[in-house]
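Comments concern the structure below.
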Amino acid sequence: MTVGQPCPHCAELTGTTDQFCESCGADLRVRRDRTDRVEIDLGALAGVSDRGRVHVRNEDAMALGHGTALGQRTPGRSATRLAAVVCDGVSTVHSPELASRAAAESALDVLLSAGSVPDLPAEHRTRDAVAAAARAVAALSAPGTRDAPSCTLVSALVDRSDPDLPEITVAWVGDSRAYWLAGAGAAEPARLLTADHSWAAEMVAAGMLDVATAMADVRAHAITHWLGADGEPEPGVVTLRPAGPGVLLLCSDGLWNYLPNAEGLAAVAVPAVERRTGALDAAAALTAVALEGGGRDNITAVVIPITARSPS
């Protein structure tokens, strides 16, 4: 690129080298693609994945779907099973975006596939999905490859066979998160469902540091579990049976770094859903919070409104 040509990342008409923009520092060898901003709206669930304002590419990925207990794909309103996966590529390795995409799609296929055991328990199916994602990432590079593609993962499988008593199974590897977002006065509070596989979280859990001190450390966001070479793919798994209506949120750290508090996330997402403007509007509103805060990382938010019977 020569002087006078706009940078494809910041659009500045400044002098550049052959490889880097002298204005924003972007790597000109990395071109924008259709993943810069991805929006998926399936009615019963929706998601937004955005490159953010700093990164030159979107290394996050999401996969969403719905079907029946027999594994058939159905319209969102009639689906008895909803599934979603969010993955965040590890930026310090080669081609992290490939790991995210492979893991998300592979996990979703298992979550929505009946396979040979249509009544496989949700936790078993979820663990199988994470294992499939780990295999898909491992297949991207030869054994022993240095800095092979890697990513984190968080998934959700929602069983709506009984619409009044849905069952939610969440799994995670790394620091992508799932939240239960209930409105004010709900039967149960908004809360974080996952526990980060990260240096800071492990220091706090071990009682060695308080949250503020751990998060201030330069090692705070170093993940201890991931999918990829030399990673620990064993997931955390939790099952939730909501006591009332709310919103299930899956997100990458590009969102929760700006708004980690469940009550704050609920204040953004729940009103959008209650106004019946749809899950996509709620996901977009959450993404906007991170963009307005600086958008220093890729941002992905998947929203699944949950209708459950409140206790009498």
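Keep in mind the model is a prediction, meaning the values are calculated, not measured.
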Notebook entry, point to check: Out of curiosity, Asp196 CG to Thr224 OG1, how far, rounded to the nearest 0.5 Å?
Noted result: 9.0 Å
Notebook entry, point to check: How far does CZ of Arg57 sit from CG of Asp60, to the nearest 0.5 angstrom?
Noted result: 12.0 Å
Notebook entry, point to check: After noting the C-alpha distance and the side-chain angles of Thr35 and Asn58, does the key distance pass the side chain to side chain donor-acceptor pair (under 3.5 Å) rule?
Noted result: CA-CA 6 Å; Thr35 65; Asn58 190 356; 5.0 Å; no
Item checked: Closest heavy-atom pair and its distance - Val273, Ala282 -> CG2-CB, 4.0 Å
Check: For residues 132-157, which residue pairs qualify under side-chain hydrogen bond (donor to acceptor under 3.5 Å, both in side chains), counting only residues two or more places apart or in two chains?
Finding: Thr152-Ser176
Contacts under 3.5 angstrom, residues 235-246 side chains, donor-acceptor by atom type, not counting sequence neighbours:
{"from": "Arg241", "atom 1": "NE", "to": "Glu167", "atom 2": "OE1", "distance (Å)": "3.4"}
{"from": "Arg241", "atom 1": "NH2", "to": "Glu167", "atom 2": "OE1", "distance (Å)": "2.5"}

Margin query: Looking at Arg37 and Asp50, is there a salt bridge between them, counting it only when a charged N and a carboxylate O are closer than 4.0 Å?
Written below: yes
Checklist line | Side-chain (Tyr179) to main-chain (Pro260) donor-acceptor, under 3.5 angstrom | finding: yes
Notebook entry, point to check: Only one of Asp88, Val137, Leu98 clears side-chain contact (heavy atoms from CB on, under 4.5 Å) with Cys151; which?
Noted result: Val137
Next item on the list: Would you mind checking if Glu59 and Arg51 are paired as a salt bridge, meaning a charged N to carboxylate O distance below 4.0 Å?
Entry: no
Check: In terms of side-chain geometry, is the basic nitrogen of Arg101 or Glu97 positioned less than 4.0 Å from the acidic oxygen of its partner?
Finding: no
Note to self: Working to the nearest 0.5 angstrom, can you tell me the gap between Arg53 CZ and Asn298 CG?
What the structure shows: 13.5 Å
With a cut-off of 3.5 Å and sequence neighbours excluded, list every side-chain donor-acceptor pair involving residues 206-217.
{"from": "Asp210", "atom 1": "OD1", "to": "Ala212", "atom 2": "N", "distance (Å)": "3.2"}
{"from": "Asp210", "atom 1": "OD1", "to": "Thr213", "atom 2": "N", "distance (Å)": "2.7"}
{"from": "Asp210", "atom 1": "OD1", "to": "Thr213", "atom 2": "OG1", "distance (Å)": "2.8"}
{"from": "Asp210", "atom 1": "OD2", "to": "Thr213", "atom 2": "OG1", "distance (Å)": "3.4"}
{"from": "Asp217", "atom 1": "OD1", "to": "Arg219", "atom 2": "N", "distance (Å)": "2.8"}
{"from": "Asp217", "atom 1": "OD1", "to": "Arg219", "atom 2": "NE", "distance (Å)": "2.9"}
{"from": "Asp217", "atom 1": "OD2", "to": "Arg219", "atom 2": "NH2", "distance (Å)": "3.1"}

